[in-house]
Amino acid sequence: MHYESEMMSLGYNPEWSEGSVKPPIFLTSTFVFKTAEEGKRFFEIAYEKAKLNSEEKMGLIYSRINNPNMEILEERLAFLEKSEDAAAFESGMSAISTTMLAYLKPGDVLLYGNPIYGGTHHFITKFLKEFGVEIMPFSSSSKNDEILSKLKNKSIGNKVKMIYFETPANPTNTLFDLESIKDLKQSLFKLYKKEVISVIDNTYLGPIWQKPLLFNVDLVCYSATKFLNGHSDVIAGCVMGSKKAVSPVKTLRTFLGGMIAPYTAWLLTRSLETLSLRMKKQEENAKKVVSYLLEHSSVKKVLYPGIKSMGKSQTEIYKRQCLGSGALISFEVGGGEQSAFKILNNLKMIKLAVSLGSNESLAQHPFSMTHSDVPNKIKKSIGINEGLIRLSVGIENYEDIINDLKQAFNK
Ligand SMILES: *Cc1c(COP(=O)(O)O)cnc(C)c1O
């Protein structure tokens with residue numbers, strides 16, 4: 001079936017719980033084994049001392065390792081991403097940091113796309129660097145030849161272990177070319193005969209509008225706090241990919257303990273039932289808001305994937321790799337911080353808050369809020385100016401969203 005239909009029942013059988021149509025919340029830390037032999041066998045499988053044979057089924061042990069709510073959720077997440085496996089976490093940052101720690105050891109090189117989510121940036125540049133991982137940034141305009149020759153000059157090309165990036169970039173909506181990252185990975189393999197793992201943060205457009213696994217990306221990370229949950233009431237994260245690629249992440253999760261809790265998993269499972277409806281409505285609304293902003297005389301610039309003003313090469317990348325443009329719009333007004341703050345302070349329905357992808361519209365000021373940690377010079381060089389506002393469009397009636405902007409602009 002299609003994903004909209006599968007989200008109603010995949011991975012759950014009403015017979016497990018008195019015919020209950022929806023999965024209950026399995027608030028338990030531990031599970032009863034039928035026999036001691038069964039308990040022994042489950043541990044052998046969980047700790048990878050043995051593999052399941054064809055007529056065996058893995059059972060539940062302890063909720064840090066597995067729990068029905070986590071398993072139902074993971075099955076649905078894998079279905080949405082069309083991946084073999086998924087791992088769910090208590091936050092997006094837990095998913096991202098566990099993935100990095102599962103693959104990177106001191107001495108390895110991490111190539112990372114810039115700009116990147118602030119928390120991820122901090123983890124890479126502060127924690128991983130101190131931990132002994134060599135880090136090297138690249139941008140959406142970096143050519144593969146430049147990256148490869150830089151690695152060669154530093155004699156570190158053979159140490160590259162991971163390419164990590166985010167597209168579209170926040171808050172500029174600049175796209176990284178998935179084909180080009182695939183080529184970079186292949187070139188590194190040809191030159192150094194070492195497997196490099198590519199990892200994308202797909203929070204902004206996935207899983208409906210962007211499918212990176214089709215471009216041979218190995219692992220797809222999410223802050224499920226955003227579109228996947230979409231109700232601003234949960235912090236959660238996940239990682240999807242092949243069984244082989246997800247396996248080290250799941251193993252480390254068992255020991256770092258960032259697995260999703262049963263109640264969080266249950267809420268997120270419920271949200272996935274309406275994911276497609278929400279994301280499609282949010283995009284429809286966002287396009288109407290973009291049209292309004294493009295016509296407004298006080299708006300200097302609108303940043304939104306796929307629109308003409310993003311430039312020819314960006315619209316070409318958009319056509320190749322995006323199925324839709326999503327619900328995040330950035331726009332710049334003249335008059336810098338003063339004008340931007342005046343608009344933000346005068347919004348009535350749209351809430352002044354960070355975060356994104358929720359069913360209600362949110363607005364914030366990247367320069368002084370989500371990106372306040374980024375040095376001013378870098379912010380300006382990538383187009384994060386004092387007059388820039390980021391809008392995450394919700395599912396309200398679009399006329400009310402536009403009217404709210406209109407009255408704030410008028411003030
Ligand atoms: C919010 C966000 C994160 C961090 O996720 P949390 O759920 O807040 O831990 C990571 N990446 C992106 C792109 C985000 O927007």
Side-chain angles (χ1 to χ4, degrees), residues 91-93 96 112-127 137 139-140 165-175 201 203-204 223 225-227 232 235 282 286 289-290 292-294 296-305 309-310 326-358 360-394 401-402 404-411:
S91 71
M93 277 319 301
I96 292 164
Y112 70 99
N114 227 353
I116 206 156
Y117 178 72
T120 312
H121 189 261
H122 188 98
F123 186 74
I124 292 173
T125 57
K126 303 286 194 310
F127 182 83
S139 78
S140 60
F165 65 108
E166 203 171 295
T167 179
N170 171 26
T172 55
N173 272 330
T174 320
L175 299 171
D201 182 330
T203 301
Y204 280 65
S223 167
T225 308
K226 314 295 164 56
F227 288 97
S232 291
I235 299 279
Q282 283 174 271
V289 175
V290 165
Y292 164 73
L293 291 169
L294 283 169
H296 202 289
S297 58
S298 309
V299 175
K300 285 166 65 178
K301 196 163 66 183
V302 180
L303 303 170
Y304 187 64
S309 54
M310 296 296 279
L328 284 160
I329 308 164
S330 290
F331 63 95
E332 195 183 329
V333 291
E337 183 182 283
Q338 210 185 359
S339 308
F341 276 21
K342 197 153 189 196
I343 292 170
L344 289 168
N345 287 336
N346 278 296
L347 290 170
K348 288 190 170 129
M349 181 188 78
I350 302 169
K351 293 179 177 67
L352 172 53
V354 296
S355 198
L356 55 102
S358 187
E360 77 284 325
S361 296
L362 300 174
Q364 64 111 2
H365 186 245
F367 194 93
S368 68
M369 295 172 192
T370 49
H371 292 69
S372 73
D373 212 22
V374 180
N376 286 359
K377 223 168 122 186
I378 297 180
K379 274 192 276 208
K380 300 228 162 131
S381 75
I382 55 178
I384 308 175
N385 297 314
E386 281 101 329
L388 197 74
I389 291 173
R390 188 188 74 189
L391 198 60
S392 172
V393 179
I401 302 172
I402 292 172
D404 197 20
L405 286 166
K406 219 178 252 177
Q407 62 81 26
F409 271 122
N410 288 342
K411 293 227 173 81

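One is the number of the first residue; the rest follow in order along the sequence. Quick caveat, the model's predicted, so the values are computed rather than measured.
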Using every non-hydrogen atom in the two residues, find where S339 and G334 come nearest and quote the distance to one decimal. OG-O, 2.9 Å
Is any side-chain heavy atom of H371 less than 4.5 Å from a side-chain heavy atom of N170? yes
Are F367 and K380 packed together at the side-chain level, in the sense that at least one heavy-atom pair is separated by less than 4.5 angstrom? yes
Would you say V299 and L294 make side-chain contact, with heavy atoms under 4.5 Å? no
Give, for atom NZ of K226 and atom CG of D201, the distance between the pair rounded to the nearest 0.5 Å. 8.0 Å
Can you give the donor-acceptor pairs under 3.5 Å from side chains of residues 404-411 to other protein atoms, not counting sequence neighbours?
from : atom 1 : to   : atom 2 : distance (Å)
D404 : OD1    : K348 : N      : 2.9
D404 : OD1    : Q407 : NE2    : 2.7
D404 : OD2    : K348 : N      : 3.2
D404 : OD2    : M349 : N      : 2.8
D404 : OD2    : I350 : N      : 2.8
Q407 : OE1    : K411 : NZ     : 3.1
Q407 : NE2    : N346 : O      : 2.9
Q407 : NE2    : D404 : O      : 3.1
N410 : ND2    : K406 : O      : 3.4

Answer whether the closest heavy-atom distance between the side chains of Q282 and F227 falls below 4.5 Å. yes
Note: V374 and K379 closest approach over all heavy atoms is O-CE, 3.0 Å
4.5 Å side-chain heavy-atom contact, I382 and T174: no
Nearest heavy-atom contact between L328 and N173 is O-ND2, 2.9 Å
Smallest heavy-atom separation, Y304 atom then A286 atom, equals OH-CB, 3.7 Å
So, for L344 and H365, which heavy atoms are closest and what is the spacing to 0.1 Å? CD1-CB, 3.7 Å
Could you measure the distance from the CG atom of L347 to the CD1 atom of I389? Nearest 0.5 Å is fine. 7.0 Å
Within a strict 4.5 Å, meaning less than it, do heavy atoms of the K351 and L362 side chains meet? yes
What's the spacing between S355 OG and Q364 CD if we round to 0.5 Å? 9.5 Å
Smallest heavy-atom separation, G357 atom then S392 atom, equals N-OG, 2.9 Å
Just checking K126: does its NZ atom have more than 12 heavy atoms from other residues, nucleotides or ligands closer to it than 6.0 angstrom? yes
Answer whether the closest heavy-atom distance between the side chains of V333 and K300 falls below 4.5 Å. no
Rounded at 0.5 Å granularity, tell me how far OG in S140 sits from CG in L175. 8.0 Å
The reported gap from OG1 in T172 to NZ in K301 (rounded to nearest 0.5 angstrom) is 9.0 Å
Is there a donor-acceptor pair under 3.5 Å between the side chain of S330 and the backbone N or O of P171? yes
Which is it for E337 and S368 under the side chain to side chain donor-acceptor pair (under 3.5 Å) test, yes or no, and what are the steps along the way? CA-CA 9 Å; E337 183 182 283; S368 68; 5.0 Å; no
Return a table of donor-acceptor pairs under 3.5 angstrom between the side chains of residues 112-125 and protein atoms on other chains or two or more places apart.
from : atom 1 : to   : atom 2 : distance (Å)
T125 : OG1    : H121 : O      : 2.7

Using the rule given for side-chain contact (heavy atoms from CB on, under 4.5 Å), can you reason through T167 versus Y204, listing the C-alpha separation, both sets of side-chain angles and the distance that settles it, and then say yes or no? CA-CA 7 Å; T167 179; Y204 280 65; over 6 Å; no
Nearest-0.5 Å distance that lies between atom CD1 in I235 and atom OG in S223: 7.0 Å
Paired with R390, the side chain to side chain contact (heavy atoms under 4.5 Å, CB included) test is passed by just one of L356, I329, I384, namely L356
